[in-house]
K.L.:
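The structure under discussion is supplied below as structure tokens; questions concerning it will follow.
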2 protein chains.
Amino acid sequence: MSAESPAQIGFQPVRPVRAYQRVAEQIEDRILAGELPPGSRLPAERELVRQFDVGRSTIREALRVLQSSGLIRSRPGDPLGAEVLGVSPDTLSHALGRLARSHLSSPAELIQFRMVLDAESYRLAARLHTEEDLRRLTELADTMGECVSRDPHDPHAFSEADAQFHRVVAEASGNALLALCARAVHDAVVGAIEGELVRAERDGDAGEWMRRSVVHHREILAALRGADGARAARLGREALFEHYAPHLPEPDRKRLRAALD
Amino acid sequence: MSAESPAQIGFQPVRPVRAYQRVAEQIEDRILAGELPPGSRLPAERELVRQFDVGRSTIREALRVLQSSGLIRSRPGDPLGAEVLGVSPDTLSHALGRLARSHLSSPAELIQFRMVLDAESYRLAARLHTEEDLRRLTELADTMGECVSRDPHDPHAFSEADAQFHRVVAEASGNALLALCARAVHDAVVGAIEGELVRAERDGDAGEWMRRSVVHHREILAALRGADGARAARLGREALFEHYAPHLPEPDRKRLRAALD
DNA sequence: GCAATCAACTGGTCTGACCAGTCGCCTGGC
DNA sequence: GCCAGGCGACTGGTCAGACCAGTTGATTGC
């Protein structure tokens with residue numbers, strides 16, 4: 001890029017930058033730089049009006065943008081001002097959820113994507129886990145077992161422990177980005193497929209798949225303990241496939257099978 | 001969930017929903033449902049004021065939210081009103097870029113994540129590619145070869161063809177979601193590491209890594225043609241590792257190596 | 001000591017205004 | 001007849017000021 005003609009050097013097309021954008025950028029930069037840590041408060045809107053020397057609507061539009069990005073949260077009547085939330089995976093979840101709802105991708109793709117992310121979490125976690133991770137995972141698997149042996153079953157607590165299990169594995173992978181994405185996809189899947197799950201529970205075979213799921217999780221845990229990443233990854237993929245495939249039409253199922261490896 | 005005490009059934013905490021949220025939701029739903037396809041136009045703000053029967057600031061805050069989500073784009077003076085862009089991966093890119101810039105994740109994690117996504121793209125693409133995909137990939141590999149054999153090198157066109165290559169592979173994987181995420185991560189990596197790359201180019205070994213990269217891409221292409229997903233995935237991981245590892249400190253490099261498999 | 005009240009905030013919304021930019025029409029000169 | 005220029009009639013961006021409902025904390029009354 002060092003060989004451009006002199007006439008083209010130094011000048012770039014200038015696009016108008018809106019006032020609310022500059023306000024939002026300044027605040028976002030402070031948040032990302034850590035100067036406004038999560039939990040801290042922004043000044044009140046009318047105070048920001050004075051500091052930035054713009055109208056209140058400009059301030060409000062900037063705050064709306066930040067809020068829709070999940071960086072801040074505001075509450076009417078709060079004398080402390082808007083609360084800084086910091087970077088969170090919620091934006092990712094939202095964006096993924098939107099993609100999942102749009103014609104751009106199908107539920108099957110969402111599930112396949114989750115198979116990929118989960119499997120890679122397992123693979124990495126098998127190498128990098130700590131004893132503490134294993135302890136927590138064992139505990140969660142036990143919790144899941146209790147939920148299924150209890151009468152009546154407690155599918156809510158079960159799902160909670162299940163989600164927690166995946167979250168711990170993702171964190172054990174040592175890659176926060178992977179963990180955040182895996183969580184976002186997990187949330188999106190749950191949000192998109194929830195209706196199916198409820199129906200399946202009502203069909204009465206809830207105990208059956210919960211039991212199978214517990215077995216799966218224990219096998220995965222054993223593979224993690226043995227540092228067998230490939231096996232853990234394969235087991236994770238199979239578990240997801242078995243769980244979701246029955247609810248999908250054949251073409252989708254075939255595509256999902258391609259991700260089984 | 002069917003066994004709750006009667007007193008807890010039927011009532012859920014009602015949280016106030018802001019007017020701008022309802023406006024934004026209505027418009028977003030129409031866009032996601034395809035009733036407002038990309039390229040179509042929203043009514044003018046003052047017309048929306050009439051239709052939704054709210055103040056203009058409410059309309060504007062709703063439009064700001066949609067705009068920051070990348071769903072619409074507005075331009076001053078446009079008599080046609082805001083343009084509908086539809087769901088795009090830009091939001092994902094933004095969110096990932098923010099995560100990459102925040103203290104929550106490091107460049108190494110970003111690269112590792114890209115290794116994961118690319119490798120899985122290869123694995124799936126090896127199974128599901130079409131002849132047309134192979135033709136385009138061959139063409140792009142040739143283009144990359146030309147860029148490197150040209151004198152002087154054309155690193156810009158090279159990077160462009162490289163990005164295109166990855167994009168075609170991701171699309172050949174048959175999973176649009178995976179493709180979008182891979183592209184978003186690619187963009188985030190490029191955005192985050194660009195400074196490093198420029199430095200490397202200036203160091204004069206540009207020709208060398210470009211040549212190696214071409215070889216890598218041809219090997220991957222051969223693996224894809226042979227439907228050898230595992231091999232393609234491994235090659236893809238190695239290519240990224242070789243490219244980025246030299247620019248990282250040792251601890252990060254070690255962690256990246258864990259993703260090599 | 002405690003509960004009800006009140007005043008001073010907050011964010012959410014509306015109104016009305018002005019500006020600069022953009023477009024389409026319309027008119028004037030060629 | 002054609003085209004350039006200008007003139008509205010729009011657009012979105014911004015500002016100012018107002019009101020409302022909700023929150024909070026001090027004050028008041030018991």
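We name chains A, B, ... by the order of the sequence lines, and we start the count at 1 in each one. Because the structure is predicted, anything quoted here is derived from the model rather than measured. Side chains are part of it too, since the values below use all heavy atoms of this structure and drop only hydrogens, waters and symmetry mates.
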K.L.:
Near DNA chain D, under 4.0 Å by heavy atom, which residues of residues 19-31 of chain A?
P.N.:
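Going residue by residue through residues 19-31 of chain A, the ones with a heavy atom under 4.0 Å of DNA chain D turn out to be A:Ala19, A:Tyr20.
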K.L.:
Could you tell me from which nucleotide to which nucleotide of DNA chain C, 5' to 3', there is an atom under 4.0 Å from chain A heavy atoms?
P.N.:
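The protein-touched segment is C:dT10 to C:dT13.
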K.L.:
I'd like to check A:Leu63 versus A:Leu42 (side-chain heavy atoms, cut-off strictly below 4.5 Å). Are they in contact?
P.N.:
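In contact.
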K.L.:
Would you call A:Glu47 and A:Arg50 a salt bridge, taking side-chain N to carboxylate O under 4.0 Å as the test?
P.N.:
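A:Arg50 and A:Glu47: salt-bridged.
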K.L.:
Distance-only check: which donor-acceptor pairs under 3.5 Å involve side-chain atoms of residues 30-39 of chain B, not counting sequence neighbours?
P.N.:
none

K.L.:
Which residues, if any, of residues 57-65 of chain B bring a heavy atom under 4.0 Å of DNA chain D?
P.N.:
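Nucleic-acid contacts, sorted: B:Arg60, B:Arg64.
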K.L.:
Quick one: on DNA chain D, does B:Glu47 or A:Arg56 contact a more 5' nucleotide (nearest heavy atom)?
P.N.:
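This one resolves to B:Glu47.
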K.L.:
Is it true that, when you exclude A:His94 itself, more than 12 heavy atoms of the residues, nucleotides or ligands shown sit nearer than 6.0 Å to its NE2?
P.N.:
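No.
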K.L.:
When you compare the side chain of B:Val190 with that of B:His186, does any pair of heavy atoms fall below 4.5 Å?
P.N.:
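Of all side-chain heavy-atom pairs linking B:Val190 with B:His186, at least one is under 4.5 Å.
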K.L.:
Please find the pair of heavy atoms, one from A:Ala24 and one from A:Leu66, that lie closest to each other, and give the distance.
P.N.:
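Between these two residues, the closest heavy atoms are O-CD2, 3.8 Å.
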K.L.:
Among residues 76-84 of chain A, which residues get a heavy atom nearer than 4.0 Å to DNA chain D?
P.N.:
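Within residues 76-84 of chain A, the residues near DNA chain D are A:Pro76, A:Gly77, A:Pro79.
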K.L.:
Hey, does A:Arg75 reach any base, or is it just sugar-phosphate, or nothing, if we go heavy atoms under 4.0 Å?
P.N.:
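Since only primed, P, OP1 and OP2 atoms lie under 4.0 Å of A:Arg75, the category is sugar-phosphate.
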K.L.:
Using a strict cut-off of less than 4.0 Å between a Lys/Arg side-chain nitrogen and an Asp/Glu carboxylate oxygen, indicate whether A:Arg98 and B:Glu28 qualify as a salt bridge.
P.N.:
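Judged by the 4.0 Å cut-off on N to carboxylate O distance, A:Arg98 and B:Glu28 do form a salt bridge.
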K.L.:
Do B:Arg22 and B:Glu25 sit within salt-bridge range, that is, some charged N less than 4.0 Å from a carboxylate O?
P.N.:
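No, this pair does not count.
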K.L.:
Any salt bridge between B:Glu171 and B:Arg167, counting N to O under 4.0 Å?
P.N.:
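Result for this pair is no, no salt bridge flagged.
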K.L.:
Output a table of donor-acceptor pairs, distance under 3.5 Å, between side-chain atoms of residues 107-115 of chain A and any protein atom two or more places apart or on a different chain; print 'none' if there are none.
P.N.:
from	atom 1	to	atom 2	distance (Å)
A:Glu109	OE1	B:Ala176	N	3.1
A:Glu109	OE1	B:Leu177	N	3.4
A:Gln112	OE1	B:Asn175	ND2	2.6
A:Gln112	NE2	A:Arg255	O	3.2
A:Arg114	NH1	A:Tyr244	OH	3.2

K.L.:
Taking atom types as modelled, is there a side-chain donor on A:Thr130 or A:Asp133 under 3.5 Å from an acceptor on the other?
P.N.:
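Looking only at side-chain atoms, A:Asp133 and A:Thr130 do form a donor-acceptor pair, the distance falling under 3.5 Å.
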K.L.:
Going by heavy atoms in the side chains, are B:Leu178 and B:Leu117 under 4.5 Å from each other?
P.N.:
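Of all side-chain heavy-atom pairs linking B:Leu117 with B:Leu178, at least one is under 4.5 Å.
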K.L.:
So with a 6.0 Å cut-off around CZ of A:Arg136, is the heavy-atom count from everything else above 12?
P.N.:
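No.
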